[in-house]
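This report refers to the structure that appears directly beneath it.
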Number of protein chains: 2
Amino acid sequence: MYYQQEEQFRYHILAMQRAGNRELTVQLKELDLTPSQAEVLTVLNERSMLTLKEIGQHLICETGSPSRLVNTLVKNGLVEGKTDEQDQRARRYRLSNQGKQKCTAVKQIEDRLYKHIQSIYTEEELKILNQLFTKYIEQTDFHSVFRKRSLYEGDPDSGEL
Amino acid sequence: MYYQQEEQFRYHILAMQRAGNRELTVQLKELDLTPSQAEVLTVLNERSMLTLKEIGQHLICETGSPSRLVNTLVKNGLVEGKTDEQDQRARRYRLSNQGKQKCTAVKQIEDRLYKHIQSIYTEEELKILNQLFTKYIEQTDFHSVFRKRSLYEGDPDSGEL
DNA sequence: CCCTTTTACATGACGTGTCATTCAATTATA
DNA sequence: TATAATTGAATGACACGTCATGTAAAAGGG
């Protein structure tokens, strides 16, 4: 068969994403959160007072402007927004106290996921995988997201220009 | 940072899936198909006269019973279904002539994707990636899907038990 | 300063993914 | 053979992810 490895690769990526997302969905259900909502909380926990557009630039789960996603969190009292004083169009968002609490709970659940990953791959294998992934990601819009989120280095502020 | 590689891995998987899906979505738009719809066509092209449940067992894009997905294709004239004679509950689906035509067009688009993947990774790297992915997939429900779809061997019938 | 263009966001639309519920056909069981 | 349990599928519900459109604020050009 032509492209056998390529086809396998393509469906592997899809399956891995689906599997991971389901795992997270189940775990996060006890917090009444979806994986996407949890990612927003994580982003706002790292860098507060972001506009919608900025939040979008830090999300891997979604490209465009995550209006609905963030507004759901506002409605649920986890995030609060204020109109930007310089720009009346923009709103700046931050975690509420309840949101901060949720966020620590989210971290525990993420740790479970990371431990699961650790149980499957050695640190050496993960490095190989991530290195190869980077070759792909570099060619996509996501590259800047990873930099902004500081997901490449252990250093938690190198993405902030 | 704890779990740095694991976190990167997790988001890499998400980003790769999103990037690939967007690429496919754009390409398939000229056929008026979505990636999920294209996967159903591909499955029915490999093995015809499947029930909804069986189609679901061959799909990586979706778990449950893909009623709506398949019915959209029926409505668009790409797939036709007949009630199973042994089991009045079940319907058996196959590609219409129009569906078969679409399917060859889909293959060309998939080939473009595979060539893109080839342009990023060597065959050796793909083998390493797929081998590592398999370690993960083996622990999920998707393992049987890959076997049924014969995505593991070049042999196009080994999954049929 | 007015007018055009751009920008930030909201919203409608559409097709998923996922789960729960419902319904009818089939199988198992008492 | 009645009846109960199971199964295949349809459907409602909900939250996405993506695109297109609309609206108001801001920026830019004359």
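So you know, we letter chains A, B, ... as the sequences are listed, proteins then strands, and number each from 1.
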- Electrostatic pair B:Arg47-B:Glu54, nearest N-O below 4.0 angstrom: no
- Item | Protein-nucleotide distance (B:Glu85, atom CD; D:dG8, atom C1'), rounded to Å | 17 Å
- Query: How does protein contact run along nucleotides 12-25 of chain C, one letter per nucleotide 5' to 3', with B for base contact, S for sugar-phosphate only, - for none, heavy atoms under 4.0 Å?
  - Reply: BB-SSSB------B
- Query: What's the shortest heavy-atom distance between B:Cys103 and B:Leu41, and which atoms?
  - Reply: SG-O, 3.6 Å
- Query: Nearest-Å distance, CG (B:Leu52) to C1' (D:dT7)?
  - Reply: 13 Å
- Message: If hydrophobic clusters are built from ILVMFWY residues whose side chains come within less than 4.5 Å, do A:Leu52 and A:Met49 share one?
- Response: no
- Are B:Leu28 and B:Val26 linked, directly or through other ILVMFWY residues, by side chains that come within less than 4.5 angstrom of each other? no
- Pair A:Arg149 + A:Glu39, salt bridge at N-O below 4.0 Å: yes
- Can you say whether the rings of B:Phe146 and A:His12 are parallel (under 30°), tilted (30 to 60°) or perpendicular (over 60°)? parallel
- Query: Do B:Lys102 and B:Glu30 meet the salt-bridge criterion of a basic N to acidic O distance under 4.0 Å?
  - Reply: no
- Query: Taking CD from A:Gln57 and C1' from C:dC9, how many angstroms apart are they, rounded to a whole number?
  - Reply: 14 Å
- Query: Between atom CG in A:Leu73 and atom P in D:dA15, what is the gap in whole Å?
  - Reply: 11 Å
- Message: So if I apply the side chain to side chain donor-acceptor pair (under 3.5 Å) rule between A:Asp84 and each of A:Arg91, A:Arg92, A:Arg89, which one comes out positive?
- Response: A:Arg92
- Salt-bridge contact B:Arg10-A:Glu110 (side-chain N to carboxylate O under 4.0 Å): yes
- Query: Once you round it to whole Å, what is the distance between P of D:dA10 and CD1 of B:Ile55?
  - Reply: 10 Å
- Query: Rounding to a whole Å, what distance do you find between A:Leu59:CG and D:dT18:C1'?
  - Reply: 14 Å
- Within residues 38-45 of chain A: residues closer than 4.0 Å to DNA chain D (heavy atoms): none
- Interface with DNA chain C, restricted to residues 102-110 of chain A and to heavy atoms under 4.0 Å: none
- Item | Salt bridge A:Glu125-B:Lys135, side-chain N to carboxylate O under 4.0 Å | yes
- Query: Is the B:Tyr121 ring parallel, tilted or perpendicular to the A:Phe9 ring (thresholds 30°, 60°)?
  - Reply: perpendicular
- Rounding to a whole Å, what distance do you find between A:Leu78:CG and D:dA15:P? 13 Å
- Item | Between P of C:dA8 and CG of A:Asp84, the distance in whole Å | 11 Å
